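Every chain is numbered from 1, with letters handed out A, B, ... down the list of sequences. Keep in mind it's a predicted model, so treat the numbers as computed, not measured. Any value given below was found using the heavy atoms of this structure, including those in side chains, with hydrogens, waters and symmetry copies removed.
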Amino acid sequence: MPELPEVETIARGLARRVTGDVVDSVWLGQKKEPLKSTASEIVGALEQRRIAGVRRMGKHIVFDLERSSMARAPSPAKGWGFKKVPASGAKLTQASSALDAEAGQGARPTQSPPKAQWIVHLGMTGRLQVCEAQAEIEKHTHAILRLASGRELRFVDPRRFGRLSVSADFDAGGIEPLDIDLERFVALFCGRKTPIKSALLNQKLLRGVGNIYADESLFRAGIRPRRRASSITREQLERLFIAVKEVLKEAIALGGSSISDYVDDDGKEGFFQLQHRVYAREGEACLVCGSPIKRIVIGGRSSHYCAKCQK
DNA sequence: AATGAAACCTGACAGC
DNA sequence: TGCTGTCAGGTTTCAT
């Protein structure tokens, strides 16, 4: 569900709320889909680390971790007595199995600790909650980080398209659409026979643009989503370049779009959906010319456009 | 190499 | 009420 503006909103909210806190212990559910790294890699990278910051890369949320100054004894292996086991039937996992594997064994007295990052991709339905430890555990909760402040950071994801991993130097691939310059933007689409809509969704080119903002950007640029990327004129690409940045910035300013289940970490909804000009408006009148908005499928994704305004 | 279709999951909603 | 079919803001995998 979340695209760049939603992930940016969520990352900013998390940065405000959990930066400086320390991960005391980690619980992971039994479903395997959400984990891209092994459970022990994730637990080992997170436990007893201080959250130095939270930021966005493409649609990924990156937690920068550093060794906690107040490193304590490893948390008790028995875990922390859950009041209610999530409906999925998950159980407690190893608490500190691979704790500090790289630092404890190497015995290298260097003072530059290895970088550690916790990477979260929300997929379609993923959410990160910051809540009190006693708050009820929602169905589809796949990970819980108990924080030294007494709160918990929880990953909830019904559809399980989200992914958790740890890394030392994560690279999301692609280029940030808000940072790219015109020449590099134009070069991305050069010689590509794929529809421009599909190229915009390709995270190896631009990272962070998703279905809503691709449609909205193409509408503002006056380009039909099925046009071959290579067939688009320089002038149109310049308009698209501006439109993509404009749409993303406006959406971030409004806290993202929320249509059904997206809410930010405070539980507040974004408001950009009120600005949608084509997305999810099939059959409704184009706000510019009044023609009915069309919906077609491109690369398996529904695509909305105005046949009169977009060529 | 690039493109497109299918697969991966659950939940919400419309229609019968 | 309950069943069926469709759809969903994303990515990966597997044939062409």
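- The side chain of Tyr213(A) contributes no N or O atom lying less than 4.0 Å from OP1 or OP2 of dG9(C).
- The side-chain heavy atoms of Arg49(A) and Arg67(A), taken from C-beta on, include a pair separated by under 4.5 Å.
- Atom CG of Leu200(A) and atom P of dT11(C) are 13 Å apart (whole Å).
- Relative orientation of the His142(A) and His140(A) rings is tilted, given thresholds of 30° and 60° on the angle between their planes.
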Margin query: As a check on the pairing definition, encode DNA chain B in dot-bracket form, counting Watson-Crick and G-U wobble pairs whose two distances are under 3.5 Å, and using | for partners outside this strand.
Written below: .|||||||.|||||||
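- Regarding Glu6(A), its CD atom lies at a distance of 14 Å from the C1' atom of dA8(C), rounded to whole Å.
- Atom CD1 of residue Ile119(A) and atom CZ of residue Phe63(A) lie 9.5 Å apart, to the nearest 0.5 angstrom.
- Ser167(A) contributes atom OG, which lies 11.0 Å from atom NE2 of His60(A) (distance to the nearest 0.5 angstrom).
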Please list, pair by pair, any protein nitrogen or oxygen found under 3.5 Å from a nitrogen or oxygen in nucleotides 11-13 of chain B.
unit_1: dG11(B); atom_1: OP1; unit_2: Lys139(A); atom_2: NZ; d: 3.3
unit_1: dG11(B); atom_1: OP1; unit_2: His140(A); atom_2: NE2; d: 2.6

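- Side-chain proximity of Arg160(A) to the nucleotides dT10(B), dT3(B), dG10(C) is greatest for dT10(B).
- Note that OG of Ser37(A) is 12.0 Å distant from CZ of Arg163(A), once rounded to the nearest 0.5 Å.
- Between Ile10(A) and Leu122(A) there is a side-chain heavy-atom pair separated by less than 4.5 Å.
- Look at CZ on Arg295(A): it is 14 Å from C1' on dG9(C), rounded to the nearest Å.
- The CE atom of Met57(A) sits 18 Å away from the P atom of dG10(C) (whole-angstrom rounding).
- Rounded to a whole Å, the CG atom of Leu4(A) is 11 Å from the P atom of dT11(C).
- Rounded to whole angstrom, the span from the CE atom of Met124(A) across to the P atom of dC7(C) amounts to 13 Å.
- Side-chain N/O atoms of Lys59(A) include one lying less than 4.0 angstrom from OP1 or OP2 on dT11(C).
- Going from the C1' atom of dG9(C) to that of dT3(B) covers 23 Å, rounded to whole Å.
- Here dT11(C) presents its C1' atom at 16 Å from CZ of Arg207(A), a figure rounded to the nearest Å.
- Residues Gly222(A) and Gln236(A) approach most closely at O-NE2, 4.3 Å, considering heavy atoms.
- Taking side-chain N and O atoms only, His121(A) has no distance below 4.0 Å to OP1 or OP2 of dG10(C).
- In this structure, Lys311(A) and Arg224(A) have side chains that are in contact, with non-hydrogen atoms separated by less than 4.5 Å.
- A distance of about 15 Å separates the P atoms of dC7(C) and dA5(B), rounded to the whole Å.
- Atom-to-atom distance recorded for His121(A):NE2 and Lys36(A):NZ is 8.0 Å, nearest 0.5 angstrom.
- Residues Arg281(A) and His304(A) form no side-chain contact, since every pair of their non-hydrogen atoms from C-beta on lies 4.5 Å or further apart.
- Checked against a 6.0 Å centroid threshold, the rings of Phe219(A) and Tyr279(A) do not count as neighbours.
- One atom, CD of Gln203(A), and another, C1' of dT3(B), lie 17 Å apart when rounded to the nearest Å.
- Below 30°, between 30° and 60°, or above 60°: for Tyr213(A) and His276(A) the angle between ring planes is above 60°, a perpendicular geometry.
- In this model, the phosphate group of dG9(C) is approached by a side-chain N or O of Ser302(A) to a distance below 4.0 Å at OP1 or OP2.
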Measure all distances between protein nitrogen or oxygen atoms and nitrogen or oxygen atoms of nucleotides 4-8 of chain B, and list the pairs falling under 3.5 Å.
unit_1: dG4(B); atom_1: OP2; unit_2: Thr194(A); atom_2: OG1; d: 3.2

